[in-house]
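A quick write-up on the structure given underneath.
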Protein chains: 2
Amino acid sequence: MAPAPKDTPGESNTLLEAQDRFVAAWGQMGVVWGISRTMAEVHALLYITDEPLCTDDVMDRLQISRGNASMSLRALVDWGIVTRTHKRGDRKEYFRAEQDVWAMARAIVRERVKREVDPLLANLYEIKDLTQRPAKAARRAGSLPDPLESHHRRLDALIDLTITLQRVAQTFSGPAGRGMAAAASLLQSPLLRRGRPAADDAAVVTDADPATEVPQ
Amino acid sequence: MAPAPKDTPGESNTLLEAQDRFVAAWGQMGVVWGISRTMAEVHALLYITDEPLCTDDVMDRLQISRGNASMSLRALVDWGIVTRTHKRGDRKEYFRAEQDVWAMARAIVRERVKREVDPLLANLYEIKDLTQRPAKAARRAGSLPDPLESHHRRLDALIDLTITLQRVAQTFSGPAGRGMAAAASLLQSPLLRRGRPAADDAAVVTDADPATEVPQ
DNA sequence: TCGAAGTTTCAGAAATCACTGAAACCGAAA
DNA sequence: TTTCGGTTTCAGTGATTTCTGAAACTTCGA
């Protein structure tokens with residue numbers, strides 16, 4: 001972590017130390033999550049700090065370049081977990097992190113679904129399509145192409161799982177979502193009749209329309 | 001993806017192509033998840049293939065080294081999403097992926113909680129401890145150290161969120177877990193009275209014992 | 001006790017990812 | 001129009017992760 005040499009008046013050194021450790025730990029998690037380390041660190045810093053900070057504050061405290069700080073801050077704003085604020089008589093922009101951790105969690109889930117689940121689903125549909133036509137032709141011709149059959153069964157099971165994941169996450173994080181409670185009730189609703197460990201009822205989505213389903 | 005030049009008798013080329021695309025897509029996801037690309041690809045290959053494969057099969061199809069293939073397979077077995085099998089009169093070991101996608105999902109969640117959430121939680125407790133003593137001393141001395149106060153409130157909120165996440169995931173994936181339904185009912189139980197978006201009731205975990213809480 | 005099948009380890013190479021530092025760019029207030 | 005705060009881009013560099021190829025090691029059957 002940064003040396004953080006100047007002892008800000010009013011703040012103890014042990015506090016700064018604890019903050020630095022937190023920033024580092026959060027950065028670690030960022031790596032595991034596919035967020036860049038710095039972006040996570042910037043977020044951690046803003047979250048743990050009382051006052052809003054400007055770009056230069058972030059640069060100084062984290063010892064990173066202006067470009068990096070600027071882009072990371074922008075990305076965080078895009079994610080919806082950091083907001084811009086201003087101070088009277090100051091043209092500079094200041095940044096503060098969302099303080100409600102549940103709102104934060106929802107924003108993060110929303111963004112990750114958009115970036116990871118949606119494209120994956122589109123991909124799976126597309127891959128299934130690759131063998132869709134041959135399979136149909138073969139079936140019409142009378143022969144049952146066994147390998148294609150099981151290939152489709154597997155893909156369908158995966159698509160099914162992904163859709164469920166997507167729905168739950170969207171319900172949890174969606175604009176009209178009421179968070180965990182909503183997601184929980186969705187999980188128990190007959191809409192998704194899943195969750196039986198060894199039940200062999202994989203293929204449900206059969207010929208869903210890939211084009212209209214996935215926005216990205 | 002690998003060229004996959006030899007046309008396995010009985011399997012069409014479009015099938016191989018689709019499989020390769022699937023392997024590539026799954027590998028992509030692996031990167032995003034902090035699993036290495038190869039490990040994810042090996043898993044994808046085993047999942048999408050009818051017959052169990054041996055180490056050499058994997059090496060050939062994916063064009064990777066023996067060491068890499070061996071270690072990736074071992075890791076997958078450790079994760080519990082791939083099992084070893086044998087063929088009569090053959091000393092070689094063969095590998096096959098868990099076919100039930102829900103069991104797969106549970107295994108993955110279990111492993112990721114162990115590797116990511118548990119250590120994070122331990123970290124958060126430790127960081128909180130760093131300022132715990134100074135804060136108490138100051139409080140006893142009569143002064144109210146405001147920055148320490150809000151520092152703790154933030155950390156507590158985060159610890160709280162992490163614990164909830166941990167519990168839900170463990171319920172979903174635990175040995176006695178019945179999957180999504182169990183997780184859903186946990187979410188709605190009064191045990192975790194969370195999920196109200198803007199409710200300002202963060203600090204609940206106050207002085208939980210860090211040592212006994214986290215195994216890792 | 002040998003040898004074949006299989007696993008693990010590791011140093012170095014390759015690939016990937018993140019970051020810097022500088023420059024170009026933009027918009028708006030003075 | 002200039003200046004200021006700020007953003008974006010990018011070539012080059014550094015750091016980290018992943019992979020290879022080979023060797024050492026383990027296990028077990030003959």
Side-chain angles (χ1 to χ4, degrees), chain A residues 1-2 23-24 26-46 52-79 82-96 115-116, chain B residues 1-2 23-24 26-46 52-79 82-96 115-116:
Chain A
M1 197 46 354
V23 168
W26 211 238
Q28 276 285 327
M29 292 318 292
V31 180
V32 172
W33 293 354
I35 301 166
S36 91
R37 185 199 313 291
T38 308
M39 187 173 151
E41 285 186 349
V42 170
H43 175 249
L45 179 61
L46 290 178
L53 303 178
C54 67
T55 306
D56 297 79
D57 294 335
V58 173
M59 286 172 57
D60 292 349
R61 183 75 189 272
L62 259 37
Q63 301 284 353
I64 59 175
S65 71
R66 163 162 266 95
N68 199 3
S70 176
M71 296 303 275
S72 295
L73 284 168
R74 204 178 96 72
L76 288 169
V77 171
D78 284 348
W79 276 54
V82 161
T83 52
R84 300 173 204 269
T85 55
H86 293 271
K87 284 186 182 175
R88 284 242 156 279
D90 191 345
R91 234 177 102 191
K92 271 215 280 277
E93 279 185 327
Y94 289 80
F95 299 87
R96 100 172 327 149
R115 295 176 181 232
E116 294 161 28
Chain B
M1 192 51 356
V23 167
W26 210 239
Q28 276 285 326
M29 290 318 291
V31 181
V32 172
W33 293 354
I35 301 166
S36 90
R37 185 200 315 289
T38 308
M39 185 172 152
E41 284 185 350
V42 171
H43 175 249
L45 179 61
L46 291 178
L53 303 178
C54 67
T55 307
D56 297 78
D57 295 335
V58 173
M59 286 172 56
D60 292 349
R61 183 74 190 272
L62 259 37
Q63 301 285 353
I64 58 176
S65 72
R66 175 171 306 286
N68 199 3
S70 177
M71 297 305 277
S72 295
L73 284 168
R74 203 177 92 73
L76 288 169
V77 171
D78 284 348
W79 276 55
V82 161
T83 54
R84 300 173 204 269
T85 55
H86 293 272
K87 284 187 183 174
R88 285 242 155 277
D90 191 344
R91 231 177 103 191
K92 271 215 282 275
E93 279 186 325
Y94 289 80
F95 298 87
R96 102 170 327 148
R115 298 178 177 228
E116 293 160 28

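Letters A, B, ... are given to chains in the order of the sequence lines, protein chains preceding strands, and every chain is numbered from 1.
D:dG21 atom C1' lies 15 Å from atom CD of B:Q63, rounded to whole Å. Atom CZ of A:R66 is separated from atom P of D:dG6 by 8 Å (rounded to the nearest Å). The CG atom of A:D60 sits 13 Å away from the P atom of C:dT20 (whole-angstrom rounding). Rounded to an integer number of Å, the gap from CG of A:N68 to P of C:dG21 is 11 Å. Remark: P of C:dA29 and CD of A:E93 are 13 Å apart, rounded to the nearest angstrom. Regarding B:I35, its CD1 atom lies at a distance of 15 Å from the C1' atom of D:dT17, rounded to whole Å. Rounded to an integer number of Å, the gap from A:D57 CG to D:dG6 P is 11 Å. In this structure, B:K92 atom NZ and D:dG29 atom C1' are separated by 16 Å, rounded to whole Å.
Two residues are said to be in side-chain contact when any heavy atoms from C-beta on lie closer than 4.5 Å; B:W79 and B:H43 fail this criterion. Inter-residue side-chain proximity for B:R84 and B:R96 is flagged as unmet; no heavy-atom pair is nearer than 4.5 Å. No side-chain heavy atom of B:D57 sits less than 4.5 Å from a side-chain heavy atom of B:F95. Taking the side chain as every heavy atom from C-beta outward, A:E116 and B:M29 approach each other to under 4.5 Å.
Here the nucleotide nearest the side chain of A:M71, chosen from C:dT9, D:dT9, D:dT20, is D:dT9. Of the candidates C:dG21, D:dT7, D:dC19, C:dG21 carries the atom nearest the A:S65 side chain, counting heavy atoms from C-beta on.
The 5' end of DNA chain C is approached more closely, in terms of each residue's nearest nucleotide, by A:I64 than by the other of A:R91 and A:I64. Comparing B:S36 and A:F95 along DNA chain D, the residue whose closest nucleotide (by nearest heavy atom) sits nearer the 5' end is A:F95.
Between D:dG6 and A:T55, no contact under 4.0 Å exists linking OP1 or OP2 to a side-chain N or O.
A distance-only check finds a donor-acceptor pair linking the side chain of B:S72 to the backbone of B:N68 [under 3.5 Å].
Using a 4.0 Å heavy-atom cutoff across all strands shown, A:S70 reaches at least one base atom of the nucleic acid.
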